[in-house]
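Report on the structure given below.
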2 protein chains.
Amino acid sequence: MKILVVEDEKGLAESITDYLSREGFICEVANTFWQADEKISLYQYDCTIVDLTLPDGDGFDIIQTLKKIAATTGIIIISARNTLEDKIKGLEIGSDDYMTKPFHLSELNARVKSLIRRRHFGGNNDMIWKEITVQLAARKVFIRDTETMLSRKEYDLLLYFLSNIDVALTKESIAEHLWGDNMDSADSLDMVYSHIKNLRRKIVEKGGKDYIQSIYGIGYKFTAS
Amino acid sequence: MKILVVEDEKGLAESITDYLSREGFICEVANTFWQADEKISLYQYDCTIVDLTLPDGDGFDIIQTLKKIAATTGIIIISARNTLEDKIKGLEIGSDDYMTKPFHLSELNARVKSLIRRRHFGGNNDMIWKEITVQLAARKVFIRDTETMLSRKEYDLLLYFLSNIDVALTKESIAEHLWGDNMDSADSLDMVYSHIKNLRRKIVEKGGKDYIQSIYGIGYKFTAS
DNA sequence: AAAAAGGAATGAAAATATTAGTTGTGGAAG
DNA sequence: CTTCCACAACTAATATTTTCATTCCTTTTT
């Protein structure tokens with residue numbers, strides 16, 4: 001899961017990314033709205049955390065950018081002031097959640113997770129496909145009713161596949177999803193192979209079919225046929 | 001997909017082409033604007049990356065060339081200076097995207113892909129002709145409702161044909177589309193024959209007709225009649 | 001119309017690129 | 001302290017691409 005943190009205070013940005021990385025999210029930071037706008041149009045994020053107290057841009061521009069962000073990813077707004085004005089801003093762009101400073105990182109984390117669950121999987125706490133069931137809240141995976149322990153990367157990989165059933169995913173996009181964009185593309189490919197192998201083994205081991213289809217020269221596809 | 005990189009710094013040009021080749025693009029380099037102009041009029045590219053800090057040519061010439069480039073392919077401008085002057089230049093010629101040095105190759109890659117997506121597929125995701133259906137996102141090909149696995153070259157070839165129904169394509173243009181222009185023309189003919197043969201076989205095998213019509217002395221045409 | 005010449009098709013082998021599988025190391029988490 | 005996992009390096013297996021010799025067609029020439 002990839003998260004974009006839009007925050008100009010380096011210290012706060014780092015605290016947030018540190019915390020969320022430890023929770024298994026891939027984090028990227030944009031220091032300005034302009035940067036955020038850029039990143040949004042280039043990459044896909046599952047959730048964007050925006051600090052409304054950024055210096056650049058006037059009110060109107062910001063709302064435009066926020067709308068654009070909100071259209072493609074979930075969005076959580078952070079603001080120092082608990083004023084009506086800000087709340088209205090938040091609602092206007094259809095933000096998914098709203099927090100006032102100061103806040104606990106654990107709360108932010110909880111909100112991010114709940115948002116991703118809501119957005120990504122329609123509020124459903126379970127993702128079910130064929131004999132694979134993922135309990136998102138508990139982070140548990142079941143294959144044919146037997147629980148299967150997956151490592152973090154394996155879990156992320158499985159979720160990425162499950163939200164892209166029947167779509168050909170390039171090795172590169174998988175790598176980007178699992179490690180973010182600051183990756184040496186040569187090295188990361190071997191790691192993709194490794195994790196694919198592990199996930200495959202675990203699924204088959206528990207009685208699932210090998211749904212991961214290799215596409216030579218391209219990447220992989222999660223598919224029933 | 002073919003990309004032209006207009007860049008005089010050999011090192012940078014190589015980094016770019018290395019990276020993008022790994023991503024599956026066919027890359028060619030032009031070291032000067034003059035060369036770029038040449039190439040543009042001879043070949044077709046899906047995207048052109050132009051470094052605006054090239055030494056040759058004066059401002060006006062450059063703009064003329066850029067306009068010519070922009071008219072036929074997508075264009076991404078790279079510039080060392082984040083000056084207004086350059087930005088205006090970029091907009092004036094209707095460039096599709098704009099980056100300042102230094103940048104990450106992964107970002108360039110993302111921009112190229114997003115540009116190609118926008119330009120090429122304009123949102124619609126299936127290509128259907130007679131009993132042949134290509135699902136671009138899933139990279140699936142169906143002949144008469146049965147899925148057909150195609151290798152990369154076969155797939156590229158089929159897509160080239162499908163976007164040129166009823167048009168006579170020379171062997172040379174096919175070779176150029178599949179491998180770029182730095183090819184030994186004698187060898188490339190044999191390779192074209194080979195891949196034509198394989199694609200034909202797969203189409204017919206799955207119950208399609210042999211839509212690939214040979215035109216003696218010229219090349220091939222994909223046609224129903 | 002027959003022969004010659006050049007282009008195209010085919011099948012199979014060789015070369016290459018890509019993916020799978022193994023193992024070892026280091027570091028983090030418990 | 002132990003276990004687990006991410007990562008890297010390496011080897012093996014596999015799929016694709018390219019090459020090549022040969023045959024089969026078309027066109028051109030005589």
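Just so it is clear, the structure is predicted and the values come from calculations on it, not from any experiment.
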Ring geometry between B:His195 and B:Trp179 (parallel below 30°, tilted from 30 to 60°, perpendicular above 60°): tilted
Under 4.0 angstrom, heavy atoms only, what part of the nucleic acid is A:Ser151 near: base, sugar-phosphate, or nothing? sugar-phosphate
Under 4.0 Å between any heavy atoms, over every strand shown, what does A:Ile218 touch: base, sugar-phosphate, or nothing? Just pick one. sugar-phosphate
Output the rounded distance in Å from NZ (A:Lys197) to P (C:dT19). 16 Å
Can you find a side chain N or O atom of B:Ser214 that sits less than 4.0 Å from OP1 or OP2 on C:dG7? no
Assign A:Arg200 to base, sugar-phosphate, or nothing according to its heavy-atom contacts below 4.0 angstrom with the strands shown. sugar-phosphate
May I ask you to evaluate whether B:Lys171 reaches the phosphate of C:dA8, defined as a side-chain N or O under 4.0 Å from OP1 or OP2? yes
CD of A:Gln213 to CD1 of A:Ile215, rounded to nearest 0.5 Å, is 6.0 Å
Comparing B:Gly217 with A:Gly217, nearest DNA chain C nucleotide closer to 5' gives the residue B:Gly217
Are B:Arg152 and C:dT18 close enough that a side-chain N or O sits under 4.0 Å from OP1 or OP2? yes
So, does B:Trp179 get its side chain near the phosphate of D:dT18, meaning an N or O under 4.0 Å from OP1 or OP2? yes
With a 4.0 Å cutoff (strictly under), does any side-chain N or O of B:Tyr193 reach OP1 or OP2 of D:dC24? no
Base, sugar-phosphate, or nothing for B:Asp187, non-hydrogen atoms under 4.0 angstrom? sugar-phosphate
Distance in angstrom units between A:Ile196 CD1 and D:dA6 P, rounded: 14 Å
In whole angstroms, how far is the C1' atom of C:dA8 from the CD1 atom of B:Ile212? 13 Å
Interatomic distance where CG belongs to B:Leu189 and C1' belongs to C:dG6 [whole Å]: 12 Å
Hey, is the side chain of B:Tyr220 poking within less than 4.0 Å of OP1 or OP2 on C:dA9, counting only N and O atoms? yes
How many Å lie between CD on B:Glu172 and C1' on C:dA8, as a whole number? 13 Å
Phosphate oxygens OP1/OP2 of D:dT16: is one of them under 4.0 Å from a side-chain N or O of B:His195? no
